Novice: 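Sending over a structure as structure tokens; questions will come in a sec.
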Amino acid sequence: MPLICAITETLLAYRKCFLYTICVTSLNWLVLIAWKGILMCCSVDLMHLGGQMTDLIYTEKELVQSLREYIKAEESKLAAVKSWANKLDALTRVSTADPEGYLAHPVNAYKLMKRLNTEWSELENVQKDILTFCPGFVSNMSVHRQYFPDEEDETGAAKALMRLQDTYQLDSEAFSKGKLPGVHSNAVLTVDDCFDMGKTAYNDADYYHAVLWLQQALKQLDDGEEAVVSKADILDYLSYSVYQMGDLPRAIELTRRLVAIDPSHQRAGGNLRYFEQLLMKQLREMNQDYQPPSEEPIQLGTYSRPKDHLPERESYEALCRGEGIQMTEARRSRLFCRYHDGKRNPRLLLKPVKEEDEWDSPHIVRYLDSLSDEEVEKIKELAKPRLARATVRDPKTGVLTTANYRVSKSAWLEGEEDPVIDRVNQRIEDITGLTVETAELLQVANYGVGGQYEPHFDFSRKDEPDAFKRLGTGNRLATYLNYMSDVEAGGATVFPDFGAVIWPRKGTSVFWYNLFRSGEGDYRTRHAACPVLVGSKWVSNKWIHERGQEFRRPCGLTEVD
């Protein structure tokens with residue numbers, strides 16, 4: 001009996017330890033049954049345990065084998081995590097060395113959004129058992145997760161890349177390799193990144209961009225790049241997107257490739273029969289013969305981009321690329337630069353500002369060195385904590401709301417908040433000769449990845465007479481715009497009506513009138529902020545209103561004075 005008790009005590013101790021291991025590592029429930037059998041055996045006379053004890057020897061061997069298989073599986077998971085951590089370690093060394101420079105590239109910005117929203121969450125879910133042993137990591141994740149981008153942010157970043165692709169006519173392959181105009185970068189989009197881009201467009205019923213990005217994912221996969229997504233999944237989404245673009249022959253060819261890879265695919269067979277019947281019907285109606293689809297990859301320009309709400313889309317985007325500028329050499333010769341003292345303003349007499357003509361009619365001027373680097377940094381410092389998605393006023397309801405055609409973050413700063421803001425406001429008044437007492441607060445805006453503001457008017461039109469009624473200061477007479485950063489590529493201010501392009505230059509400002517002297521709106525001043533291709537664009541602007549300007553800018557005698 002002492003021997004049995006000793007065995008029992010030993011087994012109980014081992015059971016306690018092993019059950020803890022099972023609890024921590026989630027071993028198969030069969031292990032529990034095996035140990036339960038051991039304990040039952042220990043409660044009977046040792047004389048009767050001969051056969052069972054022999055069986056337990058082999059049971060223990062099987063358990064050891066199961067344990068080794070579990071350890072191997074966990075080591076494999078840990079190896080994957082370690083590999084991912086090493087990759088991110090190298091990546092963060094580069095990104096933290098120059099955060100703004102790193103995020104200036106739109107591919108880097110998109111991938112950061114994607115990692116924080118998707119990949120870190122996946123790591124947390126897959127590695128729950130491992131992370132249990134690392135409470136510090138779990139706690140750290142809980143603290144920072146509240147600041148992570150969400151699904152909407154990741155989708156917005158993907159759409160920003162597509163917007164840049166359209167505006168600057170970049171094919172998906174160049175984009176996926178990080179090859180942007182004037183930029184050399186190691187930023188790349190993987191097969192899975194391209195697939196996610198395509199799927200984002202697909203879920204938004206944007207089959208034009210879905211085709212471009214799914215085709216790029218397929219090309220990179222066919223070139224031998226490793227990926228998590230399968231070729232069948234890519235072909236599934238791509239074939240249907242091509243069908244939606246009206247290219248039945250190519251949709252049939254892609255679906256046949258899908259069936260060849262996965263004959264049991266739940267949709268492929270039915271889609272193929274439907275596409276073939278539809279094509280045959282169309283050919284009969286048009287009395288045409290079947291033409292095999294092109295074997296060339298689907299690239300930018302293969303399909304026509306769908307029309308949208310903006311009538312001047314093509315001219316606006318051409319100006320953003322630096323094309324279609326309508327300033328002739330003869331007109332350019334009539335543009336001048338000069339020193340401007342604000343009609344002998346005392347504050348400008350000893351140090352007049354440098355003034356350049358940017359455009360003749362309507363007259364647009366640029367002021368050089370109008371903001372110092374110290375002032376720029378102070379304005380950004382004050383604005384950053386308050387930056388929120390910029391809004392526009394609904395012309396029908398008058399309510400401020402967000403809109404896809406204005407993608408930026410903005411904040412409003414009062415003169416009393418800091419001497420720098422008060423000094424900037426005073427400088428605007430001195431330079432323009434207009435009072436800022438009735439002007440709106442200084443608005444600071446930051447345009448990040450793909451940030452833009454499509455063509456719009458700053459002033460209120462006749463169909464929205466109450467837009468600024470609550471201010472009681474009349475319409476927006478003029479716009480004074482400060483550029484607070486250089487932009488590596490994109491981000492110009494363009495005027496589609498007369499083909500002007502104003503490029504951002506840090507520390508300079510541009511100024512124009514939105515209204516004629518008669519108070520009528522100058523519809524030529526419809527303008528846009530082009531999407532930022534590379535970099536981060538910071539601006540601040542002052543909208544100067546009519547009230548208080550009666551003697552500073554008297555009325556004209558005709559409508560267009």
Side-chain angles (χ1 to χ4, degrees), residues 103-114 153-185 187-220 234 237-238 241-242 244-245 296-310 313-323 404-405 407 447-454 487-492 494 528-537:
L103 292 175
H105 198 293
V107 168
N108 286 335
Y110 166 69
K111 295 192 72 166
L112 176 64
M113 292 279 194
K114 182 182 173 185
D153 295 319
E154 182 180 338
T155 299
K159 290 182 178 180
L161 293 191
M162 297 174 205
R163 185 159 56 245
L164 293 175
Q165 181 179 29
D166 292 339
T167 303
Y168 300 104
Q169 295 185 342
L170 304 168
D171 64 73
S172 302
E173 183 170 11
F175 226 135
S176 69
K177 294 179 180 178
K179 294 181 179 178
L180 302 180
V183 177
H184 301 284
S185 172
V188 296
L189 293 171
T190 64
V191 171
D192 295 303
D193 292 331
C194 293
F195 176 74
D196 288 340
M197 288 281 295
K199 195 172 177 182
T200 296
Y202 181 94
N203 291 337
D204 205 32
D206 178 7
Y207 300 109
Y208 172 78
H209 289 106
V211 167
L212 294 178
W213 287 102
L214 292 168
Q215 171 64 50
Q216 183 59 30
L218 183 63
K219 182 180 184 301
Q220 290 179 210
I234 297 175
Y237 283 96
L238 179 58
S241 298
V242 168
Q244 287 289 343
M245 292 304 297
E296 292 295 319
I298 305 168
Q299 297 176 338
L300 196 69
T302 301
Y303 303 128
S304 297
R305 182 175 156 198
K307 300 292 182 182
D308 65 6
H309 64 280
L310 196 61
R313 171 71 64 187
E314 291 184 6
S315 60
Y316 151 59
E317 292 183 347
L319 288 172
C320 291
R321 297 191 296 271
E323 305 167 6
N404 291 331
Y405 58 83
V407 183
Y447 295 83
V449 179
Q452 65 165 11
Y453 193 176
E454 289 181 355
V487 181
E488 288 88 331
V494 299
C530 295
V532 175
L533 180 56
V534 179
S536 179
K537 179 183 174 184

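Only a predicted model underlies this, so the values are computations on that prediction, with no experimental measurement involved. Side chains are part of it too, since the values below use all heavy atoms of this structure and drop only hydrogens, waters and symmetry mates.
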Novice: Please determine whether ring-ring contact (aromatic ring centres under 6.0 Å, His included) holds for the pair Y237 and F195, giving the CA-CA distance in whole Å, both sets of side-chain angles, and the decisive distance to 0.1 Å.
Specialist: CA-CA 9 Å; Y237 283 96; F195 176 74; 5.6 Å; yes
Novice: Quick test of your reading of the model: are D166 and R313 salt-bridged, counting only N-O distances below 4.0 Å?
Specialist: no
Novice: Considering non-hydrogen atoms only, spot the tightest contact between G198 and A210 and give its length.
Specialist: O-CB, 3.6 Å
Novice: With a 4.0 Å cut-off, would you call E314 and K307 a salt bridge?
Specialist: yes
Novice: Taking atom types as modelled and ignoring hydrogens, do the side chains of Q220 and S176 form a donor-acceptor contact shorter than 3.5 angstrom?
Specialist: yes
Novice: Can you tell me how far the CG atom of L300 sits from the CD1 atom of I298, to the nearest 0.5 Å?
Specialist: 12.5 Å
Novice: Begin with the C-alpha distance, continue with both residues' side-chain angles, and end with the deciding distance and a verdict on side-chain contact (heavy atoms from CB on, under 4.5 Å) for C530 and Y168.
Specialist: CA-CA 10 Å; C530 295; Y168 300 104; 3.8 Å; yes
Novice: Is there a side-chain contact between W213 and T200 (heavy atoms, below 4.5 Å)?
Specialist: no
Novice: Given 3.5 Å as the limit, does a donor-acceptor pair link the side chain of H105 with the main chain of A187, or not?
Specialist: no
Novice: Determine the minimum heavy-atom distance between G448 and V532, stating which atoms define it.
Specialist: O-CB, 3.6 Å
Novice: Between A528 and Y316, which heavy-atom pair has the shortest distance, and what is it?
Specialist: CB-CE1, 3.5 Å
Novice: Within this structure, what is the CG-CD distance for the pair D171 and Q216, rounded to the nearest 0.5 Å?
Specialist: 7.5 Å
Novice: Return the SG to CD distance between C194 and E173, rounded to the nearest 0.5 Å.
Specialist: 10.0 Å
Novice: Tell me whether the rings of Y207 and Y202 are parallel (<30°), tilted (30 to 60°) or perpendicular (>60°).
Specialist: perpendicular
Novice: Taking the side chain as everything from C-beta on, heavy atoms only, tell me whether Y110 gets closer than 4.5 Å to L189.
Specialist: yes
Novice: Just how far is it from atom CG of L161 to atom CG of L533, taken to the nearest 0.5 Å?
Specialist: 10.0 Å
Novice: Let me see the working for M245 and T302 under side-chain contact (heavy atoms from CB on, under 4.5 Å), right down to the final yes or no.
Specialist: CA-CA 10 Å; M245 292 304 297; T302 301; over 6 Å; no
Novice: In Å and rounded to the nearest 0.5 Å, what is the CG to NZ distance from D206 to K159?
Specialist: 8.0 Å
Novice: Of the non-hydrogen atoms in D193 and K114, which two are nearest, and what is the gap between them?
Specialist: OD1-NZ, 2.6 Å
Novice: Using the side chain to side chain contact (heavy atoms under 4.5 Å, CB included) criterion, which residues pair with A104? Sequence neighbours excluded.
Specialist: E488, V534
Novice: Return the minimal non-hydrogen interatomic distance between F175 and P106, and the atom names on each side.
Specialist: CE2-CG, 4.2 Å
Novice: Could you pull out the closest heavy-atom pair between I234 and V191, with the gap in Å?
Specialist: CD1-CG1, 4.2 Å
Novice: To the nearest 0.5 angstrom, please state how far the CE atom of M197 sits from the CG atom of L212.
Specialist: 10.0 Å
